[in-house]
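A quick write-up on the structure given underneath.
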Amino acid sequence: MSPSYQPTLHRLPEDTTGRFAILREFLLRWHGIDTGPVGRTVSRVEEAEARVKRRLPPAVREWIVLLDDLARLGAWVEVLRDALSLTQVPGCRAFSLLVSGENDRHWGPLLRDLGSEDPPTHDFAAVSFGRDREFERVREVAPRVSTWAIEFIVRYLYLSRSVQLEYPVSEAARARLRALGPEVVASQIGRSELFEFEGGLIHVELDSDPSCAMLRCYAPCRATDRSAYDAAADAFARRLDPMWGRA
């Protein structure tokens with residue numbers, strides 16, 4: 001377990017470029033992946049704009065550059081598990097930011113919203129299958145592309161090289177965590193409540209079914225064998241115990 005991670009996401013600003021800068025800082029601090037600065041462009045942006053025949057807004061452009069950086073660095077599977085799309089969602093007037101590995105779900109903004117700097121993001125589920133499957137819009141999943149991007153990457157921590165512990169969530173537990181500042185920093189990003197501290201992060205999905213909602217606790221870990229991972233997990237659990245009042 002690495003104690004090097006310092007609370008990062010709670011500093012999320014309002015401006016789009018600043019939000020993607022914080023996301024890149026998170027990737028560096030958590031995964032050790034230096035994706036470089038914001039404010040650049042890559043050929044994938046122009047290619048995506050040609051496919052949908054319109055200019056893409058800053059948040060979508062920053063997302064595409066970030067995906068390009070992850071692919072270039074060979075870091076895709078450390079952060080994501082889904083696939084590039086960057087075209088119109090089949091059967092929908094929407095731009096796909098990403099498609100699930102099973103090709104049954106897309107995420108992205110509606111074409112009509114591409115005039116906004118950081119437009120709302122929706123998810124789209126397959127309604128027909130086979131070679132020419134089509135999709136329909138399910139719901140708005142985030143008020144901004146940048147919000148969706150951060151939440152999406154945080155949700156994928158369970159597939160990253162991290163110590164992972166889960167505990168049933170309760171309002172009492174969340175209130176206790178909020179009261180632990182300044183060593184535990186609480187924030188809300190979209191439908192996620194985050195508690196960050198040196199060497200770790202706790203994620204709560206606020207729209208989860210209360211019967212199965214969990215405190216998902218993560219710590220960066222570079223263990224290469226099971227015994228080292230188990231030792232790191234035990235150490236992390238001991239760090240968490242005082243937060244629940246068990247020490």
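Along the sequence shown, residues are numbered consecutively beginning with 1.
- Side-chain contact between L215 and L165 is absent, with no heavy atoms from C-beta onward closer than 4.5 Å.
- Ion pairing between D82 and R105 fails under the 4.0 Å rule for side-chain N and carboxylate O.
- Salt-bridge check for R238 with D234: failed, with every basic side-chain N at 4.0 Å or more from each acidic carboxylate O.
- W148 and L12 fall within a single hydrophobic cluster, where Ile, Leu, Val, Met, Phe, Trp and Tyr side chains are chained together by heavy-atom contacts under 4.5 Å.
- Note on L98: it does not cluster hydrophobically with V89, by side-chain heavy-atom contacts below 4.5 Å among ILVMFWY residues.
- In this structure, F152 CZ and T121 OG1 are separated by 11.0 Å, a value rounded to the nearest 0.5 Å.
- Proximity of F135 to V127: side-chain heavy atoms (C-beta onward) are nowhere separated by under 4.5 Å.
- Between V60 and P57 the shortest side-chain heavy-atom distance falls below 4.5 Å.
- Atoms CG and OG, on D123 and S96 in that order, are 11.5 Å from each other to the nearest 0.5 Å.
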Would you please test F195 and V204 for side chain to side chain contact (heavy atoms under 4.5 Å, CB included) and show each step? CA-CA 9 Å; F195 302 95; V204 181; 4.1 Å; yes
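- Checked by atom type, the side-chain pair S85/T87 shows no donor-acceptor distance below 3.5 Å.
- Partners of R81 by side-chain contact (heavy atoms from CB on, under 4.5 Å), not counting sequence neighbours, listed by chain and number: V77, Y156, L159.
- Salt-bridge annotation for E46 and R51: absent, with no side-chain N of the basic residue lying under 4.0 Å from a carboxylate O of the acidic one.
- The shortest side-chain heavy-atom distance between D241 and F236 does not fall under the 4.5 Å cut-off.
- Using a 4.0 Å cut-off between charged nitrogen and carboxylate oxygen, E49 and R61 count as a salt-bridge pair.
- Checking side-chain atoms of S128 against main-chain N and O of A126 turns up no donor-acceptor pair under 3.5 Å.
- Taken together through direct or relayed side-chain contacts under 4.5 Å among Ile, Leu, Val, Met, Phe, Trp and Tyr, F197 and L28 form parts of separate hydrophobic clusters.
- Inter-residue side-chain proximity for V169 and M214 is flagged as unmet; no heavy-atom pair is nearer than 4.5 Å.
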For I150 and L9, what are the C-alpha separation, side-chain angles and deciding distance, and is it a side chain to side chain contact (heavy atoms under 4.5 Å, CB included)? CA-CA 9 Å; I150 292 166; L9 296 174; 4.1 Å; yes
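- Between C217 and Q164 the shortest side-chain heavy-atom distance does not fall below 4.5 Å.
- Look at R178 and E171 and you find a salt bridge, because one of the NZ, NE, NH1 or NH2 atoms lies within 4.0 Å of a carboxylate O, short of that distance.
- Ion pairing between a basic and an acidic side chain is recognised when a charged N comes within 4.0 Å of a carboxylate O; R155 and E205 show such pairing.
- Side-chain contact between L110 and H122: present, with at least one pair of heavy atoms (C-beta onward) separated by less than 4.5 Å.
- Salt bridge status for R161 with E78: present, with a side-chain N to carboxylate O gap under 4.0 Å.
- The existence of a salt bridge linking E193 and R174 is confirmed by a sub-4.0 Å separation between a basic side-chain nitrogen and an acidic carboxylate oxygen.
- Within the 3.5 Å criterion, the main-chain N or O of P13 finds a donor-acceptor partner in the side chain of R19.
- Salt-bridge formation is detected for the pair R24/D69: a Lys NZ or Arg NE/NH1/NH2 atom is positioned less than 4.0 Å from an Asp or Glu carboxylate oxygen.
- Between R139 and D207 there is a salt bridge, with a side-chain nitrogen of the basic residue lying less than 4.0 Å from a carboxylate oxygen of the acidic one.
- E151 has its side chain within reach of I189: a pair of non-hydrogen atoms, C-beta onward, lies under 4.5 Å apart.
- Side-chain atoms of S187 and H10 form no donor-acceptor pair, as typed in the model, at a separation below 3.5 Å.
- Between the side chains of D15 and T17, no donor-acceptor pair of N or O atoms lies under 3.5 Å.
- The residues R11 and E25 are annotated as salt-bridged, a charged nitrogen and a carboxylate oxygen being separated by less than 4.0 angstrom.
- For residues 12-37, every residue pair satisfying the ring-ring contact (aromatic ring centres under 6.0 Å, His included) rule, not counting sequence neighbours, is listed here: Y5-F26, Y5-W30, F26-W30.
- Taking a cutoff of 4.0 Å between a charged side-chain nitrogen and a carboxylate oxygen, E47 and R44 do not qualify as a salt bridge.
- In this structure, the ring of F124 has its center no less than 6.0 angstrom from the ring center of W107.
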